Asker: 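Attaching a single structure in structure tokens format; questions to follow.
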There are 2 protein chains.
Amino acid sequence: MRKLGRTPYKQQIADDLREQIADGSLSPGDQLPTEAELEKRYGVARGTVRQGIEILINEGLVVSARPKGHFVRERKPMVFRPQAEFRPRPYTPEMDAFMTESSADGREARQTIEVSIVEAPAEVAKRLQLDAGQLVAVRRRVRFLDGEPFNINDSYFPLDLVQDSEIMRPQNITQGANEVLADLGYRQVRALDELYVRMPTPEEVKRLDLSPGTPVGYHVCTGFTEEGKAVRVAVTVLPGDRHVVSYERRRETDPAS
Amino acid sequence: MRKLGRTPYKQQIADDLREQIADGSLSPGDQLPTEAELEKRYGVARGTVRQGIEILINEGLVVSARPKGHFVRERKPMVFRPQAEFRPRPYTPEMDAFMTESSADGREARQTIEVSIVEAPAEVAKRLQLDAGQLVAVRRRVRFLDGEPFNINDSYFPLDLVQDSEIMRPQNITQGANEVLADLGYRQVRALDELYVRMPTPEEVKRLDLSPGTPVGYHVCTGFTEEGKAVRVAVTVLPGDRHVVSYERRRETDPAS
DNA sequence: ACGGCAGGATTGTCTAGTCAATGCGGTCAA
DNA sequence: TTGACCGCATTGACTAGACAATCCTGCCGT
């Protein structure tokens, strides 16, 4: 029992369980066999079993609910549509066909808002074309659905633009921050979206109550006025298990047709 | 040394090292202290040290190069621009300001192509408005940059549309598969992009040679003709450590202005 | 009927060790 | 000089155990 050159036990355990999850013998929400059970079944030490399960946890397939056991993870993403701010119209009809499951219907929505003035983080300063250390206003929001944190949205504005405006008040802005900016003379007509895929920082894990093995989409949106001035940078952190990012595109500048 | 209620040692070790990575005392490419070294430094068993490092590996911050040691991971993402197929024009000028680092300049590009006819996977069938099990043509590509696998792109087409066309040949299509489809009378004018963020499957890990702790963006693009017929589903797997997804948007249907 | 408490099942943390696998550098022979 | 080989440092896999933490369940007393 001490020679290698085979696939490690932990890997085999992970593979077997993953297979069972894939083929449906274990459905989302089901409990996995207990560690003791697997220990017996495979004839290995508990530490090895745990390492096998650890693999699945880090793949986001399993969550542990101590001390009840390990469970197959459930995943129900919600649509995140960056375009909505410029084009609030509904999806193309074809969309419904495969997106009906992702809706916020009947769920209780809520958000916390916190406004402050900070030195622009390098990433933000770069996009707002400011020097490092210049001050910006930031509206930090955490959005909840049914009491669970759903995503983080931090919007940064050059301080001189929004000083004393409604944006500085830590309340819900009914007509939207973009409209307020427009009223101030900074209507955004273009935006650049960047989406990074990575593992969350510990801080994000805490703020969003993420379980291990949950990657996040890190969405940075920079809004520009007609004159090409960057007036807003919105950073959104989207837990991968709770979101689908969606865009619609149309062909432009047809060369033929 | 046997009472808990404190933060676990493994967590502390991970936190300390993460901190050092964040503040620059450990730069990308640097070697971490060896396990033996950390064992001594923290006065814990080697297993505990390993668990601490494991955390960072799963966060994508550290890679191990056995038996040389553990190293701080390097990350250089490349821009992925789904819009390019409909709008090959360059970025907005502002883009350069913070995207210059992400370019393929001077790197050797290559791809493998493999064409086959398969039963449509459920996910694809749904989007192509086919019944489960109907046949589709699929072009599977793995794209390499400097010999390293960079992303996977599988494009599915309803079999009856592309039968005997150039799309069925496992070669590079110089004018692009979309042009071939257009020549066949199925010009795409709209597309729907969906982007899921998740951990890779073991198969994806193998195909893309991903190191642990690398999440992927799972990009599904459905292309529609003028009549609203779905004629193409492209599934792209984007390793998070090697890509930024980018979109440009413009305000439409101005209500005011 | 109800509240609290004890015990049990289960996962979480950790120790102290063994042996395997691997890449690198240095030694030594051709 | 070159190539083969050996040893070493390091990480990888695993064992067998101990004790901690946590939630649930069922019992008991009021």
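Predicted model only: the values in this text are computed from it and were never measured. First the proteins, then the strands, lettered A, B, ... as listed; each starts at 1. All values below come from the heavy atoms of this structure, side chains included, with hydrogens, waters and symmetry mates left out.
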Asker: In plain terms, say whether B:Arg242 and B:Asp209 are close enough for a salt bridge, that is, a side-chain N and a carboxylate O under 4.0 Å apart.
Answerer: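 No, no charged N to carboxylate O under 4.0 Å.
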Asker: Short question: side chain of B:Asp30, backbone of B:Leu26 - any donor-acceptor pair under 3.5 Å?
Answerer: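 No; judged by distance alone, with no hydrogens or angles, the pair does not exist.
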Asker: Going by atom type alone, with no hydrogens or angles, which donor-acceptor pairs under 3.5 Å involve a side-chain atom of residues 43-53 of chain A and a protein atom two or more places apart or on another chain?
Answerer:
{"residue": "A:Arg46", "atom": "NE", "partner": "A:Glu35", "partner atom": "OE1", "Å": "2.6"}
{"residue": "A:Arg46", "atom": "NH2", "partner": "A:Glu35", "partner atom": "OE1", "Å": "3.1"}
{"residue": "A:Arg50", "atom": "NH1", "partner": "A:Glu35", "partner atom": "OE2", "Å": "2.7"}
{"residue": "A:Gln51", "atom": "OE1", "partner": "A:Lys10", "partner atom": "NZ", "Å": "3.3"}

Asker: Whole angstroms only, please: what is the CD-C1' distance between B:Gln51 and D:dG12?
Answerer: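 The answer, rounded to whole Å, is 14 Å.
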Asker: For the side-chain hydrogen bond (donor to acceptor under 3.5 Å, both in side chains) test, which of A:Gln111, A:Arg140, A:Arg141 pairs with A:Asn153?
Answerer: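 It is A:Arg141, the one option of A:Gln111, A:Arg140, A:Arg141 that forms the side-chain hydrogen bond (donor to acceptor under 3.5 Å, both in side chains) with A:Asn153.
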Asker: Looking only at side-chain N and O atoms, does B:Thr48 come under 4.0 Å of OP1 or OP2 in C:dT15?
Answerer: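 Yes, such a contact exists.
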Asker: Give the nucleotide from the list D:dA13, C:dT15, C:dT11 with an atom nearest to the side chain of A:Arg46.
Answerer: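 When the side chain of A:Arg46 is considered, C:dT11 is the closest of D:dA13, C:dT15, C:dT11.
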Asker: Looking at residues 203-211 of chain A, who's got a heavy atom less than 4.0 Å off DNA chain C?
Answerer: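 Going residue by residue through residues 203-211 of chain A, none turns out to have a heavy atom under 4.0 Å of DNA chain C.
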Asker: Evaluate the side chain to side chain contact (heavy atoms under 4.5 Å, CB included) criterion for residues A:Leu56 and A:Arg18: first the C-alpha distance (whole Å), next the side-chain angles of each, then the deciding distance (0.1 Å), finally the verdict.
Answerer: CA-CA 7 Å; A:Leu56 298 178; A:Arg18 194 189 300 106; 4.0 Å; yes
Asker: So if I take residues 56-72 of chain B and measure heavy-atom distances to DNA chain D, which residues fall below 4.0 Å?
Answerer: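 B:Ser64, B:Arg66, B:Pro67, B:Gly69, B:His70, in order of number.
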Asker: How close or far is atom P of D:dC14 from atom CD of B:Glu54, stated in whole angstroms?
Answerer: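 That distance rounds to 13 Å.
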Asker: Is there a donor-acceptor pair closer than 3.5 Å between any side-chain N or O of A:Arg139 and the backbone N or O of A:Arg169?
Answerer: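 Confirmed, A:Arg139 side chain pairs with A:Arg169 backbone.
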Asker: Could you walk me through whether A:Tyr42 and A:Glu37 pass side chain to side chain contact (heavy atoms under 4.5 Å, CB included), step by step?
Answerer: CA-CA 9 Å; A:Tyr42 286 91; A:Glu37 161 67 22; over 6 Å; no
Asker: Between C:dC14 and B:Arg6, is there an OP1 or OP2 to side-chain N/O distance shorter than 4.0 Å?
Answerer: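 Yes, B:Arg6 has a side-chain N/O under 4.0 Å of OP1/OP2 on C:dC14.
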Asker: A:Arg127 side chain to A:Glu123 main-chain N or O, any donor-acceptor pair under 3.5 Å?
Answerer: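 Yes; judged by distance alone, with no hydrogens or angles, the pair exists.
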